[in-house]
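One structure is given here, and the rest of the page talks about it.
Here the structure is a predicted model, which means the values were calculated and not measured. Lettering of chains follows the sequences in order, A, B, ..., and the numbering in each one begins at 1.
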Amino acid sequence: MAKGNKLTSRAENYSEWYNEIVKKADLAENSEVRGCMVIKPYGYAIWERMQRTLDDMFKETGHVNAYFPLFIPKSFLSKEADHVEGFAKECAVVTHYRLKNDPDGKGVVVDPEAKLEEELIVRPTSETIIWSTYRNWIQSYRDLPILVNQWANVVRWELRTRMFLRTAEFLWQEGHTAHATKEEAVEESIKMLNVYAEFAEKTMAVPVVKGAKSERERFAGALDTYTIEGLMQDGKALQCGTSHFLGQNFAKAFDVKFANQNNQEEYVWATSWGVSTRLMGALIMTHSDDSGLVLPPALAPHQVVMIPIYRKDEERALVMEKMNEIATSLKAAGIRVKIDDDDTKRAGWKFAEWELKGVPVRLALGPRDLENGKIEVARRDTQTKEVVDITDHFDQTIKELLDNVQEGIYEKALKFREDNTRKVDTWEEFTAALEDDIPGFLLAHWDGTTETEEKIQNESKATIRCIPMDGEEEDGKCVYSGKPSKRRVLFAKAY
RNA sequence: CGGGAUGUAGCUCAGUCCGGUUAGAGUACACGUCUGGGGGGCGUGGGGCCGGCAGUUCGAAUCUGCCCAUCCCGACCA
């Protein structure tokens, strides 16, 4: 790659900047199938770290993993009326099970003889197939709760797609739990929302607002949907994860009952919750800059990249010896280290490349440093570097530096969100705020009706992201209708 | 599904209006060489069914028709 290979800046064209990061940082690329993407090894490595951390958190909260089929009988989808309403328009349908050679000799065609009696839907989510299964698993209160998660792919036939943010097929996890009481199910749905929020903030360093969705925005088939909402650098909101209290809707649709301690039959209470590869988009759009990706150390496949500098083979040998020694001690301290000793690339090229890929810390070591007992330490998030002594506790120095980076990018993102969260009280303020370069989060009163919500969306393009959980009661007037309101809700333009 | 555009090297594109040498550039790739502490310089080389089919013509990347594909804007998108 040549000098001209700079990213489009965020100011110039934000969505172009995003697309270029995804491609040039080797995260993913478009596939031959419209709307689908290939997640490349570097991008997948980040996703794997997300999976591992989340999976541990799920296990710690008592969940186990299982796997349910990709295909769902068409009839299942129509058993819960709201649910089918929500998904019908974006389902891929399997109608046949066989191909045959084209009689005209041009490749293969669908064999019309092989039509399925009942068509199969490629899962857009798995509530239906799971609840039809739970029916057989549950007879007594002693069978409850069921706390199951699955890691899977799902398909939603989207017309407009964007890498990681909205693709026709995506990877996610979906937790599906069954409980004896309403209280327990509600508690579960909030517990998992908290797990998501903790993951977002501690591991991804993405600050999020926890809240409940309005009726209009909630999951089809849920009584309550809870969400974590992040604010991206362009001032638009991104829904990062959702947790649903499903009530008894699916239990009734699939006739899942249990005998309570008094031997009375009751419908089971349900939750479901999920996060997807969309989190990759949140990660990119929260921290990255015009030089490329910025990764939190907790998720970076390589936390430290080491680049040797040398001219002659003798120099190379000396530098590599010292570098391996340092790498060994860093690895022993639990740090993920990559030595980039590729002799076909130049040092400057590697600097730019690893910056683009967001590696939190870069160490460069050359003959000059070797003489002085020093090493160059560069920090990705602040783009600063300094030459420091190689001390006995160098591994601890780096460990602390990584912690600082993790903390630093979170604080920076939090400050950005705070700077771009505004209370507005009039419709003029509301619409004016949305015209800004960074529209941001708007806290405003709302009269609680779907009609008003729709009008606000149609006239301003902003939607209610959530009714924040930590919001305080406050008397006010709806920013649109002027009717009384008890609390502010969070509005934003959203992805 | 409506509106607009584009298909030429792995990628980004010029050439098409006005038909006429062997179809070009940048980048990527390969080799050599000088290099090497922020995406290096020089040299050499490989790589093309010009989206497909059918016309017009002595001659088509270029003109005509049809088809296919993709992209953008809208509509739609818990």
Side-chain angles (χ1 to χ4, degrees), chain A residues 1-8 13 15-16 19-20 23-24 29-35 80-91 106 124-125 127 154-162 165-168 170 212-227 239 241-244 246 249 272-274 276 278 291-292 307-313 315-316 319 340-357 362-372 374-378 380 383 385 387 450 453 457-458 463-466 494-495:
Chain A
M1 296 195 190
K3 282 185 208 161
N5 199 15
K6 289 262 154 54
L7 286 174
T8 300
N13 186 338
S15 64
E16 190 56 35
N19 288 336
E20 285 179 14
K23 277 184 207 156
K24 292 186 177 175
E29 61 190 33
N30 279 309
S31 73
E32 295 301 306
V33 182
R34 180 197 167 88
E80 211 287 334
D82 294 328
H83 189 65
V84 67
E85 177 87 10
F87 288 109
K89 279 175 277 185
E90 47 189 14
C91 285
K106 293 182 180 173
T125 179
E127 272 78 4
V154 288
V155 169
R156 297 178 188 178
W157 211 260
E158 302 285 356
L159 296 177
R160 288 181 93 45
T161 58
R162 295 197 62 190
L165 298 174
R166 176 171 281 119
T167 46
F170 56 92
K213 285 291 188 187
S214 65
E215 184 182 344
R216 183 175 146 83
E217 295 278 331
R218 81 167 70 111
F219 174 71
L223 296 189
D224 278 306
T225 289
Y226 302 103
T227 178
Q239 178 177 301
T242 49
S243 180
H244 315 288
L246 301 172
N249 287 350
S272 69
W273 27 273
S276 72
R278 178 180 248 205
S291 303
I307 297 172
I309 289 154
Y310 52 85
R311 289 193 200 88
K312 305 166 217 151
D313 283 350
E315 282 178 349
R316 178 183 159 98
V319 166
D340 187 354
D341 61 350
D342 183 348
D343 192 39
T344 69
K345 299 282 197 292
R346 299 161 55 83
W349 192 93
K350 293 177 188 175
F351 290 172
E353 180 68 8
W354 290 112
E355 241 162 46
L356 195 52
K357 289 189 167 179
R362 183 187 70 227
L363 302 176
L365 187 74
R368 211 154 63 206
D369 306 305
L370 226 44
E371 274 177 35
N372 305 327
K374 291 178 184 283
I375 190 164
E376 184 190 273
V377 181
R380 176 62 184 88
Q383 306 234 55
K385 59 183 175 186
V387 177
T450 300
E453 188 180 356
Q457 181 177 354
N458 290 338
T463 51
I464 297 175
R465 301 320 305 153
C466 69
Y495 275 96

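- One atom, NZ of Lys357(A), and another, C1' of G39(B), lie 14 Å apart when rounded to the nearest Å.
- Heavy atoms of Asp369(A) sit under 4.0 angstrom from at least one base atom.
- Across all strands, Glu355(A) comes closer than 4.0 Å to base atoms (heavy-atom distances).
- To the nearest angstrom, C1' of G39(B) lies 12 Å from CD1 of Ile307(A).
- Using atom P as the reference point in both C72(B) and C34(B), the two lie 48 Å apart (nearest Å).
- G47(B) and A5(B) have their C1' atoms separated by 29 Å, given to the nearest Å.
- Residue contacts shown for Gly86(A) are absent, as no nucleic acid heavy atom lies under 4.0 Å away.
- Put simply, Arg311(A) has a side-chain N or O that comes within less than 4.0 Å of OP1 or OP2 on G36(B).
- When all heavy atoms of Ala347(A) and Ile309(A) are compared, the closest pair comes out as CB-CG1, 4.0 Å.
- Comparing the C1' positions of G74(B) and U27(B) gives a spacing of 35 Å, expressed to the nearest Å.
- Arg34(A) comes within 4.0 angstrom of the backbone, heavy atoms only, and of no base.
- Between the P atoms of U12(B) and A61(B), the separation comes to 23 Å (whole Å).
- Listed nucleotides A75(B), G38(B), C77(B) differ in distance to Glu158(A); the shortest reach to its side chain belongs to C77(B).
- Between Asp343(A) and Arg316(A) there is a salt bridge, since a side-chain N of the basic residue sits under 4.0 Å from a carboxylate O of the acidic one.
- Atom NZ in Lys24(A) sits roughly 14 Å away from atom P in U27(B) (whole-Å rounding).
- Note on Arg218(A): only backbone sugar-phosphate atoms sit closer than 4.0 angstrom, heavy atoms only; bases stay farther off.
- Among the heavy atoms of the strands lying under 4.0 Å from Arg362(A) is at least one base atom, whether or not backbone atoms are also near.
- Shown here, C66(B) forms a base pair with G52(B); the pair counts as Watson-Crick or G-U wobble because both key distances fall under 3.5 Å.
- Summarising the geometry, the separation between CG on Asp341(A) and C1' on G36(B) is reported as 15 Å, rounded to the nearest angstrom.
- Shown here is Glu85(A), whose CD atom has no more than 12 heavy atoms of other residues, nucleotides or ligands within 6.0 Å.
- Distance from the side chain of Leu159(A) is smallest to C76(B) among G36(B), C76(B), G38(B).
- Annotation: of the two residues near RNA chain B, Arg216(A) and Gly35(A), the 5′-most nearest-nucleotide partner is Gly35(A).
- Nucleotides A60(B) and C17(B) are separated by 14 Å at their P atoms, to the nearest Å.
- The separation of U64(B) from G7(B), taken at their P atoms, amounts to 14 Å, rounded to a whole angstrom.
- Residue contacts for Lys385(A): at a heavy-atom cut-off of 4.0 Å it reaches a base atom on one of the strands shown.
- Of the candidates G39(B), G36(B), C76(B), G36(B) carries the atom nearest the Asp343(A) side chain, counting heavy atoms from C-beta on.
- Distance, Lys23(A) NZ to G10(B) P: 17 Å, rounded to whole Å.
- A 3.5 Å limit on both hydrogen-bonding distances identifies no Watson-Crick or G-U partner for G59(B).
- Looking at Glu20(A), its side chain does come within 3.5 Å of a backbone N or O of Thr8(A) through a donor-acceptor pair.
- The number of heavy atoms from other shown groups lying within 6.0 Å of CZ (Arg311(A)) does not exceed 12.
- In this structure, the CH2 atom of Trp157(A) is 15 Å from the P atom of C1(B), given to the nearest Å.
- Spacing between G26(B) and C68(B) at atom P, rounded to whole Å, works out to 38 Å.
- Panel note: side chain Lys385(A), backbone Arg362(A); no donor-acceptor pair is recorded below 3.5 Å.
- With a cut-off of 3.5 Å on both Watson-Crick or G-U wobble distances, the partner of A9(B) is given as none.
- Within 6.0 Å of CD on Glu16(A) lie more than 12 heavy atoms contributed by other residues, nucleotides or ligands.
- Residue Arg368(A) is in base contact, counting any heavy-atom pair closer than 4.0 Å across all strands shown.
- Distances from the side chain of Leu356(A) to the nucleotides G37(B), G39(B), C76(B) place G39(B) closest.
- The CD atom of Gln457(A) sits 10 Å away from the P atom of C76(B) (whole-angstrom rounding).
- In this model, the phosphate group of G40(B) is approached by a side-chain N or O of Arg346(A) to a distance below 4.0 Å at OP1 or OP2.
- Of the candidate nucleotides G37(B), C77(B), G39(B), G37(B) has the atom nearest to the side chain of Ala364(A).
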Assess whether side-chain hydrogen bond (donor to acceptor under 3.5 Å, both in side chains) is satisfied between Gln383(A) and Ser291(A), documenting all intermediate values. CA-CA 9 Å; Gln383(A) 306 234 55; Ser291(A) 303; 3.0 Å; yes

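- The distance from atom CZ of Arg278(A) to atom C1' of C77(B) is 11 Å, rounded to the nearest whole Å.
- Annotation: G15(B) and C76(B) have their C1' atoms spaced 40 Å apart (nearest Å).
- In a base pair of the Watson-Crick type (N1 to N3 plus N6-O4 or O6-N4) or a G-U wobble (N1-O2 and O6-N3), with each distance short of 3.5 Å, U44(B) is matched with A30(B).
- Here the side chain of Lys89(A) is nearest to one of G39(B), C77(B), G37(B), namely C77(B).
- Of the nucleotides present, C1(B) is the one that pairs with G74(B) by Watson-Crick or G-U wobble criteria, both distances under 3.5 Å.
- With both pairing distances under 3.5 Å, A23(B) is matched to nothing as a Watson-Crick or G-U wobble pair.
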